Each structure stands twice: as C-alpha cells, then as structure tokens.
Novice: 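This is the structure I want to talk about, given as structure tokens.
The structure presented is a predicted model; accordingly, all values stated were derived computationally and were not measured. Throughout, a chain's letter reflects where its sequence line sits, starting with A, and its residues are numbered from 1.
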Amino acid sequence: MRQYIIRRILISLIVLLGVSLMLYTLVRAMPADYVSLATSASPKMTDEMRNHLREIYGLNKSIIGGYFDWLGSALKGDLGTSLMFARPVTEVIKQYAPVTFTVALIALVLELLISIPLGILAARKQYSRTDYIITICVFIGISVPIFFLAALMKKAFGYYGLNILPVSGMLDARKTYPAGFSFAKFGDYARHFVMPIACFVITGCGSMLRYTRTNMLEALNADYVRTARAKGVPEHQVVYSHAFRNTLIPIVTLLGSSLPGLFSGAAITEGLFALEGLGNIALRAANMADVPYLMGFNMFLAVLTVLGYLISDILYAVVDPRVRLS
Amino acid sequence: MIKKNQDDIKKASNSRIEDAEDIAAKTMADTDVTMENDKAAEDDSVASVESFSQEDIAAGQVFLTPGQMVRRQFFRNRLAVAGIIVLAVIAVFCFLGPAFSKYTETEIFYIDEDTGMEVRMADLEDYPNAVLNTKAAPTKEHVLGTNEMGQDQLARLMYGGRISLMVGFVVVIVEMLLGVTLGGMAGYYGGWVDMVIMRLVEMFVSIPFIPLMLIISSLLISLKISPQYKIYYTMFIMGIIYWAGVARMIRGNILSLREMEYMQACEATGIRTRKRIFKHLIPNTMPLIIVMATMDLGGVILMESTMSFLGIGVGVPYASWGNMVSSVKDNVVMRNCPWIWVPPGLMILFTVLAFNFVGDGLRDAFDPKMKR
C-alpha cells in the first residue's frame, strides 16, 4: 500500500512537471507580452524603453531559460510577482481565493445534498414518472449553457425583473460597511452569492445524480440485496444500509475528481457575475499576458486535478477491500 | 399521446411493484440470453444469424440479433427517440434552411427614415436617409427580428447552427481518432507504452481548459488568421485537447476485453496482432465509442458556445449560437430584446439535450443489464 502511494505521488510529480512545461511554453508563446500590452496606449514609449522593461520583468529570456527560472523559484514556494498587481502571486491568490473557495464549497455541499437523495429516489423508482421527471431535469441541467442560464436568472430575478437579487459584484455599491464582521455585511455577501451558486449547482449536480442513480441501480440488482429482501429486511434498511453503502465507494471517488471542475468553472461563472475571485482575475490576466499569475493559477488548478485523481485512487483502494495494489 | 405514455409507465411501475421478484428473475434470464447472443454474433457471420432467427420464428420462438435488440431497446426509450427527432429537425433547419432563406448571415438591413420602408444592403445608395434597422422586434419580414447590428436573426440562427454542428462533428472525429488509437495502444500493449500514454493523458486532463483556450485564441488573433478560418484551428485544437478523456475510457475497456476468452483463443490460433486489434477488439469497444461520441458531441457544442460567448470562438461578422447569446451582455438587449438572445440559447440547450438523450438511450440499449 505504502509503495503504491509513493509510486503514485512520484508519477504525479512527473505529470505536474510536464503540465507546467506545456503551460509555460503556451503562455510565453502568446505573441503580445505584458509590456507591449500595457504600454501600447502611451505614444512616448520607445522600443528601447520597452526592452528595458522586459528585462526588468524577466520577459527577455528564452522560453526554456525562463521556464527553469520559474521552476526553480516555484519549487522554493515563490511563484514570482504578478505583473498586473505588482505583488507576489501567492499573495494575490491568497487574497482572492476565499471567494472562489466559498462559492465552490457551498456549491459542492448543495450538489451532494440534492443529487444523492434524488439519485437514490430515481433508482428506487426506475422508469416511473418520478424517474422520468428527475432524468429530464438532470439532462436539462447538464445541457444548459451556463451563460444562458445566468442571463435567464439575471433577467428573472435581477433589477429589470423581480428585482430581488443583485446581478453582479459582491457587495452593494451604495452601502458602506465597517471593517470586520457584521451580519448586514454577511447578508449582503450571501445575497450576491445566491445566483452564482445556483448556476453551479444547476449545471453541476446532474452528473453526480446520474452517477448515484446508475450505481444505486447496480447495487439494487445485486444478489445481496435480493437476499436481504428475501430474509424480510425492511425496505428502508435494504436501500440505505445495504445498497447505498456500496454506492458510497464510487461517489467518494467521483468527489475527488469533481473538485478541480468547480475551480476551473469559476473562470466563467465569476466573470458572468463579476465576483472578485481567482477565475475572474485569470480571465483578465490572460488578456494582459500576466505570465506569473497565469502560471500560478493554472498550476494551482493542475495541482488540484492531480491531487483529486490521487486522492480518489487511494480512497478507492482504502474503501474497497477487493482492490489489490501491486 | 403523452397521456398514453404516462399510463404505460404507470402500468409498468405497478406491475413492477406487484411482482418485483418475478421480474428480477426474468431480467436475469434476459441478461443471460443477451450475453449468449452477443457471443454467438461474435463467432458467426451476419447471414447465419438471420437464418437462425428464421428457424426460431417458425418454432414460435423469436430470437433477435444483438443489432436488432439494441435497436428495439433504443426505440423503446421515448426520450432518445425525441432526441433523434429534435436533432433531425435542427439539422434540416441549419443545413437546408439557408437555401430557403432570403437573407444571409452577414447582410445588414437599413430602414428609410422618411418612409419607414426597409432598405437592403445592396440598394443602400438609392436611399440617402437610410439608418440601421437595429433591434427590430419580430415582424413578417424578420421572423425573429434583427440584432443590434441590423442583421436578420433567423438567418443567423441557421448559419450559427451550421457552425456549432460542424464544430461538434469535427472535434469529435479528431478526438476519437486520437483517443481510440492511443487508448487502444495503451490498453493492448501495456507496459511502458501504457505508462507513457497514460502520463500524457493525465497531463492533458490537468490543463485547465478555459484559460488555455484564452491563450490559444489570442495566439490565433495575433497570427492574423481571419475569423472565418479561426474556427477550423479552434476545432483542431479542441480535438487535440479532448482526446485524453476518450483514451482513458478506451484503455479501461480494452484492459477488461483483453482478459476475455475469445482473446485467448485469438492468441492460441495465432491470428496476427493487427487483425486481433481491428477485427476482435475494436468492434467490441464500438458501443462505448458510439455512446461517448454522441455524448461528447453535446459537450463540445456546449464548450464551443461558451468560447464564442467569451469572444474566443467564432468571430464577428460570422454567427454562432454562442456569440449570438453574448449580446445579452448589453443590459438594454437583456431587458427589451429577448428575441436577440433567447432563441440561440434555446437552440444550444435543445441540441445538447438531444445529443445527451440519444447518447443515454444508446448506452442503455447497448447495456444488456439495462433490460426493461
């Protein structure tokens, strides 16, 4: 077991190295660099000054040289200085991560709370009307483009509709709150987060629900469930303690791999609702060719993805005694 | 019709409750039959299967070939059939529609201020007072109105659909070619080939998609690729990125197929490797490939529309459903002109939904355990 974990971690490191090299090459291959983008509006800039700036920002190095520089400092925990913010990337990520994390975490919990019970229900009543309704809703959720959903919700609940929810930003611009925690401020944040979280949950819980249903169906058709029923175990107990327990394994593993999706989806959702989170900044950074931030953010996502797979593989081995590792 | 369907469902569920045990036993039996038939089909050619069913019909017993069984299962699934119909309608609308449309996607319409008459782009010189006919509400001339540039929305919806469907098919073909080849190799050969390919897969899966597309899009713009051709490059790149997921699934499938008895038989009889892969392994992964391709068609169309919405997919003046919805970023359009952004959004929703229903129906139909 330990050997397996160590080998998996080593492999993950190799994968991350490959990802970082690919990403760095791509980011640096962007033809317009930060200096030319940031100075394009000022007529007094000469090419000499631009080259000087490039030297300062470290953009004059070759891709390979720059990559090894970045890698060397990244391994020491220093992700460089964001060109847009003129602050260390780690600091920028730390400042904006809470928003992204809060939205992702709440969305994930809600998704679980909705999709698992409904998935079980759909599996228990397979091919019933309930099952059909749930299936149709789920597929609509999977298929709706998130920007269209956001637009519909903004129109329905926003200022020009029912006017009960704010459509963008994180705090009401007309109010000022004292520093520190207050319930009014918390409520304001909460109101602004309703629509983004709803978007995440509606588009996200479909795959988990389908997954629960499929695995639950498989469990319900298993021999041990038939045996339990034959022995006269109450239906409730059959479903929840015999069948559901066995679907927990695949659900746990799915959880590990759905983690990164929540964060990469943030790039779009945060942009739609103007939330000041990591994803929204990444969009701006991509437009400004802010190499250190882009590398930092994308590598953060890549690490999450690799970690998600690693955890789900290990969990799978831990939870399921039938899995033998060699 | 719907009433009848519901009754059917109700009847089915009632009977299920009454004798669940009985049906469970029957399902098991059915499953066995299917598996036997599958095996039979693998060994026999199609012709002999046909004569086989002829005899059985005479004997009062009807056996179906796996293909017939899949078809029957599939057409029993109402959602899947609805999906097929919707897709057919959308395909006709997008590919044949423009032939019947008076306008093209790029034509801009004007309106004469004095008379209130509409002026087409070609006759603009004759009407000095003409102004842009923007955001016109639906009329007989423009069934879905015009957008904020004065273009006919219905025509744009048709041409935009062409792009979306084409992107979906091209990307899926590219990703399937790459994914099936590499995933098949990884699963079949194992060892270091598997190791290298799977690490490559993990790398591709770990790259965040949207930021990557932003970067690639700015690359394409700076290479001065015209908006008309940009989409082809984008399709190709999407295919290259998406292959990893396919490869992973195919590999898993091949791994389990490799252990089957008929593969052992292949080895024992000394059939050539190429023939073993293409005649015996690949046909057995076909159900998985077909289901994945159908589901991915929906996924790719969704992704393309998101990219176009963000302004990194199909560029102006060309239409795509995604960039048509992006007009909604303007508050006035959102509030007052639903005909500009709602129809393309619904088109995306219906298309993706239909592909998902069909894919799901196919998966159930191919799966012998999903008998109903």
Novice: Is the number of heavy atoms from other residues, nucleotides or ligands within 6.0 Å of CE (B:Met249) greater than 12?
Specialist: no
Novice: Using non-hydrogen atoms only, which part of B:Leu200 is less than 4.5 Å away from chain A: side chain, backbone, both, or neither?
Specialist: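 Neither part.
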Novice: Determine whether A:Phe148 and B:Met347 satisfy the following criterion, side chain to side chain contact (heavy atoms under 4.5 Å, CB included), listing intermediate values before the conclusion.
Specialist: CA-CA 11 Å; A:Phe148 183 57; B:Met347 289 299 275; over 6 Å; no
Novice: What option among B:Gly298, B:Ser305, B:Pro338 has the most heavy-atom pairs under 4.5 Å with chain A?
Specialist: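 Max contact count across the listed options: B:Ser305.
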Novice: Could you check which of A:Gly18, A:Ala282, A:Gly279 has the highest count of heavy-atom pairs closer than 4.5 Å to chain B?
Specialist: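 Between A:Gly18, A:Ala282, A:Gly279, the count favours A:Gly18.
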Novice: Check each atom of B:Trp321 against the heavy atoms of chain A and say whether the ones under 4.5 Å are side chain, backbone, both or neither.
Specialist: neither
Novice: So which part of A:Leu152 gets closer than 4.5 Å to some heavy atom of chain B, the side chain, the backbone, both or neither?
Specialist: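 Looking at A:Leu152, backbone and side chain both touch chain B.
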Novice: Please assess B:Arg199 against A:Ile11 for the test side chain to side chain contact (heavy atoms under 4.5 Å, CB included), listing each intermediate value before the final yes or no.
Specialist: CA-CA 8 Å; B:Arg199 295 301 84 80; A:Ile11 290 173; 3.1 Å; yes
Novice: Grab the two heavy atoms, one from B:Met334 and one from A:Lys154, that are nearest each other, plus how far apart they are.
Specialist: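 The pair with the smallest heavy-atom distance is SD-CB, 4.0 Å.
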Novice: Should we count OH of B:Tyr233 as having more than 12 external heavy atoms under 6.0 Å?
Specialist: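 No, OH of B:Tyr233 has 12 or fewer neighbouring heavy atoms, counting only those of other groups under 6.0 Å.
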Novice: Check A:Val15, A:Leu307, A:Leu23 against B:Ser206 for a side chain to side chain contact (heavy atoms under 4.5 Å, CB included) and give me the one that passes.
Specialist: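 Checked A:Val15, A:Leu307, A:Leu23 against B:Ser206; only one passes side chain to side chain contact (heavy atoms under 4.5 Å, CB included): A:Val15.
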Novice: Pick one of side chain, backbone, both or neither for A:Ser143, based on which atoms fall under 4.5 Å of a heavy atom in chain B.
Specialist: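 When you check distances to chain B, atoms from both the backbone and side chain of A:Ser143 fall under 4.5 Å.
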Novice: Check the angle between the aromatic planes of B:Phe309 and A:Phe147 and answer parallel, tilted or perpendicular using the 30° and 60° thresholds.
Specialist: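 Rings of B:Phe309 and A:Phe147: parallel, under 30°.
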Novice: Between A:Tyr309 and B:Val205, does a side chain to side chain contact (heavy atoms under 4.5 Å, CB included) hold up when you go through it step by step?
Specialist: CA-CA 10 Å; A:Tyr309 284 122; B:Val205 172; 3.3 Å; yes
Novice: Apply the test side chain to side chain contact (heavy atoms under 4.5 Å, CB included) to residues A:Phe139 and B:Val352: give CA-CA distance (whole Å), side-chain angles for both, the deciding distance (0.1 Å), then the verdict.
Specialist: CA-CA 9 Å; A:Phe139 273 111; B:Val352 180; over 6 Å; no
Novice: For B:Met303, which atoms come within 4.5 Å of any heavy atom of chain A: side chain, backbone, both, or neither?
Specialist: neither
Novice: Do you know the tightest heavy-atom contact between B:Asp364 and A:Tyr127?
Specialist: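 Reported closest heavy-atom pair: OD2-OH, 4.4 Å.
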Novice: What's the separation between atom CZ in B:Phe357 and atom CD1 in A:Ile140, rounded to the nearest 0.5 Å?
Specialist: 6.5 Å
Novice: Looking at B:Thr306, B:Ile207, B:Val325, which makes the most heavy-atom pairs under 4.5 Å with chain A?
Specialist: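 Winner by heavy-atom pair count: B:Thr306.
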Novice: Who among B:Leu79, B:Asp360, B:Leu310, B:Val342 has the most heavy-atom pairs with chain A under 4.5 Å?
Specialist: B:Asp360
Novice: Let me know if A:Leu26 has heavy atoms under 4.5 Å from chain B in its side chain, its backbone, both or neither.
Specialist: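 Both backbone and side chain of A:Leu26 come within 4.5 Å of chain B.
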Novice: If you count heavy-atom pairs within less than 4.5 Å of chain B, which of A:Asn298, A:Val144, A:Ile14, A:Leu272 leads?
Specialist: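 Top option by heavy-atom pairs under 4.5 Å: A:Asn298.
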Novice: What part of A:Met22 gets closer than 4.5 Å to chain B, counting heavy atoms only: side chain, backbone, both or neither?
Specialist: side chain
Novice: Between A:Ile142 and B:Asn356, which heavy-atom pair has the shortest distance, and what is it?
Specialist: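 Looking at all heavy atoms of both residues, the closest pair is CG2-ND2, 3.9 Å.
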Novice: Could you tell me whether the side chain of B:Arg335 reaches within less than 4.5 Å of the side chain of A:Tyr159, counting heavy atoms only?
Specialist: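 Side-chain contact under 4.5 Å: no.
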Novice: Got a sec: does the OH of A:Tyr224 have more than 12 other heavy atoms crowding it under 6.0 Å?
Specialist: yes
Novice: If I take atom CZ from residue B:Arg363 and atom OG1 from residue A:Thr214, how far apart are they, to the nearest 0.5 angstrom?
Specialist: 6.5 Å
